[in-house]
Participant: 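Sharing a structure here in structure tokens format.
In this text, all values refer to a predicted model and were calculated from it rather than measured experimentally. Order of the sequence lines fixes the chain letters, A, B, ..., with proteins taken first and strands second; residue numbering starts at 1 for each chain.
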2 protein chains.
Amino acid sequence: MITIKDIAKEANVSEGTVDRVIHNRSGVSKKTEAKVKKVLERHNFKVNPVASALAMKKKHQISVLIPEHNDSDLFWKSPYLGVLKAAEDVKNFGVQVNSFTFNQSDAKSYLSAFKDLLDTEPTAVIMVPNFSDETKQIINQLEVLNIPYLFLNIDIEGFSNMAYVGQDSYTAGYIAGKLMHFNNVQPCEFLIIQSSQNSTKNNAISNRVKGFQDYFLKNEINSTPQTLKIEDIHNVLEAKEIINSYLQTRPEVKGVFVPSSRIYKVVDCIENNRLKHLELIGFDNTPQNTACLLNDSVSFLISQKPFDQGYKSVRLLTDFLIQNKVPEHKIYLPIDILIKENVEYNGRDEFVSEYNNTVKEG
Amino acid sequence: MITIKDIAKEANVSEGTVDRVIHNRSGVSKKTEAKVKKVLERHNFKVNPVASALAMKKKHQISVLIPEHNDSDLFWKSPYLGVLKAAEDVKNFGVQVNSFTFNQSDAKSYLSAFKDLLDTEPTAVIMVPNFSDETKQIINQLEVLNIPYLFLNIDIEGFSNMAYVGQDSYTAGYIAGKLMHFNNVQPCEFLIIQSSQNSTKNNAISNRVKGFQDYFLKNEINSTPQTLKIEDIHNVLEAKEIINSYLQTRPEVKGVFVPSSRIYKVVDCIENNRLKHLELIGFDNTPQNTACLLNDSVSFLISQKPFDQGYKSVRLLTDFLIQNKVPEHKIYLPIDILIKENVEYNGRDEFVSEYNNTVKEG
DNA sequence: TATATTTGTGTGTACGCACACGAAAAACAC
DNA sequence: GTGTTTTTCGTGTGCGTACACACAAATATA
């Protein structure tokens, strides 16, 4: 393994000079810079990130702005855990990660969480751009401060985010359509159940719906999915009434698509004898949804690998910060098709761990 | 961040002593050991793996024994690439990885590759236990030398391998059965096409077949899949003859299951007009197989994430070597269901990279 | 020409840990 | 009690890099 010292010796300069060249720091004459660079290239020199990290020591702050999670909405727990895991992994590389959460239905909390976030003086930011107007304000500030930022899970155009990490929502919806059609080839109807809140602001969800519908259009299936909007899915009584009365009037509905992580709520709402004859497809392997797979009330879940989204975001940014490695602009994670039988093998959140520092035992 | 120095100060001993305690090295009296351990625990001290790696410097050799790959059998390229990637990632942690390959249909090459492998004086071994008798010999030597070993991709019982990293083949086959049944509910027949070579020795493949058959048994579907064995799948003419004449006599066959990564070969063999009316399910997203998905000749591929298998094996062993972290005995990777639409999002082999040492550019 | 200023380069130290070496302390022999 | 061995422990150095600081050379200012 070739070291800076070796390079220095061969180029007849000091280690400090080599270091300066490597980091494009000032204070080196053009002539020696060229000389050193040549030696560097000849040996294909790469800095040893381990030694580098050790020498740098806590220089970077990555601050994360994501929705909070609670018992009824566990989805956001996964990206959070992914972030935590990555934080542990990069800790010893001199990167500190701080998380800030906001209430997804409260734009003010979004702004105030961001305000707290700014106090950490972040080197870079990972955020879920949840409200479009407020996001504009936030991005504005970030750009003034020249802080790079990355979008997680929700993709919005029109900003110069360094990257987007998440799923290709349109294709995910399209796949849901295909899966829905699998078991139900005879002419029949499909229903999309959406929460009104989500539909207005969440890009990801509307893309899923578009993909779902496009499957039927592009494959010339004479069955256009209908949409049923529910004001507040957490109001079980009301939702129950709406859903069941709809299904009552439309017995030809054979499948229900829920483009959010709340399919378990829909399952709760549908009467049992009806449920048996319906195919349900939803998103995300939260514990509640997974339970629905296992008890056969849901046929498919599409996972967007939320844990990996969180994990990967942090790792990408770290690579950027300590190595100037520029990530691709769109990082699409796999579109996992989950069924009863393979769900237990997914979401093994411990996969690919860094050396998380346990005291050795003999 | 608490350091060894801090611990030493608090325990009124030297850093060297703390180091000895941490690594269970000899030369510490019971009394001081207890004292230091208490302080260690109170602060929940973890060694900084970055500094640790820097100080150790190239102490471990992980040697890998896997089948070779070529243009017609690309499957083993993926684990190899995963190993390479991991090798890069752990290089700076003082771990060197060497790969040795053998011809899957030549037991002698297996032994001779192992002999070469031994010359590297490995600290630990990752191997694909391909031939059972020869594997016994190999394991024997490893155990005499007290070298820990890990099974990759193929799981054999009766050895004290530290872990198995791969897929739950039985469940993967079971899932294939379910998927096969999806589109074909009306009474119909299914065919399993196997290569005779594989069937006799490859545990993974026979488990897939068992799982596939069990799906039909357990769900009381009155259709037992038939098996067709092909002597040599690479002899296209012969295989063509066998397969097509079988399908000729059995028009009620609606689906074909190929429990290996060679489904593209089977596609080559089946006449086009017949192909259109068959549902094919196979394993592994090799380039050739992926092409079959994309041109609609194959409906599903089940991926066993071979890249991840290789990657993860190395990382697990590294964790064990430099941190004494004992892995779980069975590491099952996700069972990915691939279709035309999501295949491009899988197997993004660059996922979760370590800092692979690029010279920074300003 | 003498002095101030800028630029270019070398030196030293710290990062946290592993381990070799040798000193001190304890244990044992006589 | 001294001499010897064994056990126990502290010190010092190195891993490869980052960066502050010091200093020399080159250039500018008076």
Participant: Can you tell me the distance, in whole Å, between the CG atom of A/N24 and the C1' atom of D/dC19?
Facilitator: 16 Å

Participant: For a quick test of reading the model: is some side-chain N or O of A/S52 closer than 4.0 Å to OP1 or OP2 of D/dG16?
Facilitator: no

Participant: How many whole angstroms separate atom CD of A/E15 from atom C1' of D/dG14?
Facilitator: 13 Å

Participant: Do B/V128 and B/P67 have side-chain heavy atoms sitting under 4.5 Å apart?
Facilitator: yes

Participant: Find the distance A/E33:CD to C/dT7:P and express it as a whole number of Å.
Facilitator: 15 Å

Participant: Taking all non-hydrogen atoms of both residues into account, name the closest pair between A/N153 and A/Q304 and its distance.
Facilitator: ND2-OE1, 3.1 Å

Participant: For D/dT8, does either OP1 or OP2 sit under 4.0 Å from a side-chain N or O belonging to B/T17?
Facilitator: no

Participant: One thing to verify: whether A/E41 and A/K37 come together as a salt bridge, which I'm taking to mean a side-chain N less than 4.0 angstrom from a carboxylate O.
Facilitator: no

Participant: Return the value, rounded to whole Å, for the distance between atom NZ of B/K46 and atom C1' of C/dC17.
Facilitator: 17 Å

Participant: Please report the distance, rounded to the nearest Å, between NZ in A/K91 and P in C/dC15.
Facilitator: 17 Å

Participant: Between the opening five pairs and the closing five pairs of the helix from C/dT1-D/dA30 to C/dC30-D/dG1, how far apart are the helix axes, to 10°?
Facilitator: 50°

Participant: Can you confirm whether A/M162 sits close enough to A/L317 that some side-chain heavy atom of one is under 4.5 Å from a side-chain heavy atom of the other?
Facilitator: yes

Participant: Heavy atoms under 4.0 Å is the rule here; annotate nucleotides 20-27 of chain C 5' to 3' with B where the base is hit, S where only the sugar-phosphate is, and - elsewhere.
Facilitator: --------

Participant: Closest to the A/T32 side chain: C/dT9, D/dT17, D/dG10?
Facilitator: C/dT9

Participant: Mind calculating the distance between NE2 (A/H23) and C1' (D/dG16) to the nearest angstrom?
Facilitator: 11 Å

Participant: Tell me the interatomic distance from B/K30, atom NZ, to D/dC9, atom P, rounded to whole angstroms.
Facilitator: 12 Å

Participant: Just so I know, are the side chains of B/E121 and B/Q61 near enough to count as touching, which here means a heavy-atom distance under 4.5 Å?
Facilitator: no

Participant: Do the non-hydrogen side-chain atoms of A/K305 and A/N346 ever get within less than 4.5 Å of each other?
Facilitator: yes

Participant: DNA chain D: B/S29 or B/A51, which has the more 5' nearest nucleotide?
Facilitator: B/S29

Participant: Of all the nucleotides listed (D/dG16, D/dT17, C/dA18), which has the minimum atom distance to the side chain of B/L54?
Facilitator: D/dG16

Participant: Where the side chain of B/S14 is concerned, which of C/dG16, D/dT17, D/dG10 is the nearest nucleotide?
Facilitator: D/dG10

Participant: When A/M127 is tested against each of A/I154, A/T135, A/N161 for side chain to side chain contact (heavy atoms under 4.5 Å, CB included), which residue passes?
Facilitator: A/T135

Participant: Counting only heavy atoms not in B/K77 (residues, nucleotides, ligands), do more than 12 fall under 6.0 Å from its NZ?
Facilitator: no

Participant: How would you label the contact of A/V50 with the nucleic acid (heavy atoms, under 4.0 Å): base, sugar-phosphate, or nothing?
Facilitator: nothing

Participant: Indicate the ring-plane relationship of B/Y149 and B/F151, choosing parallel, tilted or perpendicular according to the 30° and 60° boundaries.
Facilitator: tilted

Participant: B/M56 CE to D/dC15 P: how many Å, rounded?
Facilitator: 16 Å

Participant: For A/D19 and for A/K5, find the nucleotide of DNA chain D with the closest heavy atom, then tell me which residue's nucleotide is more 5'.
Facilitator: A/K5

Participant: Would you say B/T3 reaches C/dC15's phosphate, i.e. side-chain N/O to OP1/OP2 under 4.0 Å?
Facilitator: no

Participant: Parallel, tilted or perpendicular, judged at 30° and 60°: which one describes the rings of B/H69 and B/Y80?
Facilitator: tilted

